[in-house]
Participant: 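The structure follows.
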Amino acid sequence: MLSAKQKEQQSNSNKTAIATLPTDTENKSITVTLPLPLEIKEGYLEIREVSTGKVITVIEVLSPTNKRTKSGRKSYLEKREKILQSDTNLVEIDLIRNGDKMPIMTNIPDIDYRILVVRSDCLPSAQLFAFTVREAIPNFTIPLEQQEQEIKLNLQNLLLEIYEQAGFDLTLDYNQPPVPELLVKDRELR
């Protein structure tokens with residue numbers, strides 16, 4: 001706080017105001033946190049032709065950002081549309097139970113999980129593997145060039161192996177309810 005003092009000058013009879021800082025100032029600042037832009041990098045896998053670098057197949061594992069946020073969904077749908085308009089195959093793996101499903105034209109019952117296999121030479125048709133939380137992930141093939149044999153993928157076994165190797169059984173608290181909650185019929189043990 002500034003205080004004003006008046007001082008008389010002897011040489012002339014004018015009075016002048018002088019501002020001074022009090023000598024007992026203390027640091028009254030507090031540490032604050034500023035909002036920083038959040039950058040989320042979404043990963044995907046591309047299968048390319050070795051000699052040309054041409055993208056043959058894109059494998060997308062959908063993230064919560066792809067399904068739950070307006071901007072993330074919009075960004076992914078734009079990317080998906082570009083892939084579908086090209087001669088690139090697409091494998092879209094949706095293992096997230098909540099959020100909006102990615103659009104398809106065929107009406108199907110609402111189901112927990114979906115794997116969409118799109119062969120560019122078969123558009124607008126595609127294979128949809130739909131399954132519930134109680135079912136194993138179905139085996140499917142990864143499309144390649146028309147003249148090449150497709151890759152058979154057992155994603156269920158692959159994820160179980162990752163689960164074991166990463167020790168998720170030791171780090172995940174299975175006493176906590178899953179998000180989103182399971183339906184009553186899915187909570188019961190078989």
Side-chain angles (χ1 to χ4, degrees), residues 35-169 171-172 178-180:
L36 297 175
L38 180 61
E39 183 179 340
I40 298 173
K41 293 188 178 191
E42 302 283 275
Y44 58 94
L45 179 65
E46 290 180 342
I47 298 173
R48 294 178 174 264
E49 187 176 287
V50 175
S51 61
T52 64
K54 176 186 172 204
V55 178
I56 305 301
T57 303
V58 173
I59 302 174
E60 287 277 354
V61 179
L62 297 183
S63 71
T65 303
N66 298 142
K67 292 186 67 179
R68 296 186 204 149
T69 68
K70 190 175 182 177
S71 63
R73 181 177 177 83
K74 181 179 182 281
S75 176
Y76 175 72
L77 287 174
E78 287 170 358
K79 178 181 180 179
R80 182 189 202 221
E81 186 175 324
K82 285 180 186 175
I83 294 168
L84 295 177
Q85 291 174 351
S86 73
D87 62 350
T88 301
N89 304 305
L90 172 66
V91 176
E92 184 179 85
I93 302 170
D94 181 0
L95 301 177
I96 300 173
R97 288 183 293 121
N98 63 351
D100 294 330
K101 303 288 185 206
M102 293 300 141
I104 58 174
M105 298 299 292
T106 306
N107 288 327
I108 64 163
D110 190 26
I111 197 145
D112 297 324
Y113 307 115
R114 303 188 329 176
I115 297 172
L116 183 69
V117 178
V118 181
R119 291 169 182 81
S120 62
D121 61 324
C122 295
L123 283 169
S125 295
Q127 284 184 293
L128 180 69
F129 298 87
F131 53 103
T132 69
V133 71
R134 290 182 149 287
E135 298 172 299
I137 300 171
N139 296 339
F140 58 95
T141 58
I142 306 292
L144 301 173
E145 292 276 44
Q146 287 182 356
Q147 68 276 13
E148 295 192 24
Q149 185 176 359
E150 295 187 346
I151 302 167
K152 295 177 184 174
L153 181 60
N154 184 331
L155 187 59
Q156 180 76 40
N157 284 351
L158 179 63
L159 292 177
L160 286 172
E161 183 65 28
I162 292 169
Y163 178 88
E164 290 292 322
Q165 298 241 351
F168 286 132
D169 59 325
T171 58
L172 296 175
V179 177

Participant: Ignoring hydrogens and geometry, is there a side-chain-to-backbone donor-acceptor pair from N66 to S63 under 3.5 Å?
Facilitator: yes

Participant: Please list all pairs meeting salt bridge (Lys or Arg N to Asp or Glu O under 4.0 Å) that have one or both residues in residues 113-126, counting only residues at least two apart or in different chains.
Facilitator: R119-E150

Participant: What is the distance from atom CG of D112 to atom CG of L95, rounded to the nearest 0.5 Å?
Facilitator: 10.5 Å

Participant: Considering only heavy atoms from C-beta outward, does the side chain of C122 approach that of Q127 to under 4.5 Å?
Facilitator: no

Participant: Under a 3.5 Å distance rule, please check whether T69 uses its side chain to pair with a backbone N or O of T65 as donor and acceptor.
Facilitator: yes

Participant: Side-chain contact test, heavy atoms from C-beta onward, threshold under 4.5 Å: evaluate it for I142 versus I47 and give yes or no.
Facilitator: yes

Participant: So do the side chains of I115 and L128 get within less than 4.5 Å of each other, counting heavy atoms only?
Facilitator: no

Participant: P138 and F129: which non-hydrogen atoms are nearest, and at how many Å?
Facilitator: CG-CB, 3.7 Å

Participant: Side chains of Y113 and T132: closer than 4.5 Å at any heavy-atom pair?
Facilitator: no

Participant: Passes side-chain contact (heavy atoms from CB on, under 4.5 Å), I59 versus Y44? Steps please.
Facilitator: CA-CA 6 Å; I59 302 174; Y44 58 94; over 6 Å; no

Participant: With sequence neighbours left out, what residues match D169 under side-chain contact (heavy atoms from CB on, under 4.5 Å)?
Facilitator: Y163

Participant: Does any part of the side chain of D110, heavy atoms only, come nearer than 4.5 Å to the side chain of K101, both counted from C-beta?
Facilitator: yes

Participant: For R68 and G99, which heavy atoms make the closest approach, and how far apart are they?
Facilitator: CG-CA, 4.4 Å

Participant: For the CD atom on E148, are there more than 12 heavy atoms of other groups (residues, nucleotides or ligands in this structure) within a distance under 6.0 Å?
Facilitator: yes

Participant: Cut-off 3.5 Å, no hydrogens considered: what does the side-chain donor-acceptor table look like for residues 86-93, sequence neighbours left out?
Facilitator:
{"from": "S86", "atom 1": "OG", "to": "I83", "atom 2": "O", "distance (Å)": "2.7"}
{"from": "S86", "atom 1": "OG", "to": "T88", "atom 2": "N", "distance (Å)": "3.1"}
{"from": "S86", "atom 1": "OG", "to": "T88", "atom 2": "OG1", "distance (Å)": "3.2"}
{"from": "D87", "atom 1": "OD2", "to": "K54", "atom 2": "NZ", "distance (Å)": "3.2"}
{"from": "T88", "atom 1": "OG1", "to": "V55", "atom 2": "O", "distance (Å)": "3.4"}
{"from": "N89", "atom 1": "OD1", "to": "S120", "atom 2": "N", "distance (Å)": "2.9"}
{"from": "N89", "atom 1": "ND2", "to": "I56", "atom 2": "O", "distance (Å)": "3.2"}
{"from": "N89", "atom 1": "ND2", "to": "T57", "atom 2": "OG1", "distance (Å)": "3.3"}
{"from": "N89", "atom 1": "ND2", "to": "L144", "atom 2": "O", "distance (Å)": "3.2"}
{"from": "E92", "atom 1": "OE1", "to": "R80", "atom 2": "NH2", "distance (Å)": "3.4"}
{"from": "E92", "atom 1": "OE2", "to": "Y76", "atom 2": "OH", "distance (Å)": "2.6"}
{"from": "E92", "atom 1": "OE2", "to": "R80", "atom 2": "NE", "distance (Å)": "2.9"}

Participant: Please check this pair: side chain of D100 against backbone of K67, looking for a donor-acceptor N/O pair closer than 3.5 Å.
Facilitator: no

Participant: Show the nearest heavy-atom pair for residues L155 and F140, with the distance to one decimal.
Facilitator: CB-CE2, 4.1 Å

Participant: Please determine whether side-chain contact (heavy atoms from CB on, under 4.5 Å) holds for the pair E60 and V58, giving the CA-CA distance in whole Å, both sets of side-chain angles, and the decisive distance to 0.1 Å.
Facilitator: CA-CA 6 Å; E60 287 277 354; V58 173; 3.9 Å; yes

Participant: Evaluate I96 against N98 for side-chain contact (heavy atoms from CB on, under 4.5 Å), listing each step before the verdict.
Facilitator: CA-CA 6 Å; I96 300 173; N98 63 351; 3.4 Å; yes

Participant: Using 4.0 Å as the upper bound for N to carboxylate O, is an ion pair formed by K82 and E78?
Facilitator: no

Participant: Quick one: pull up NZ in K79 and CG in L77 and give me the separation to the nearest 0.5 Å.
Facilitator: 12.0 Å

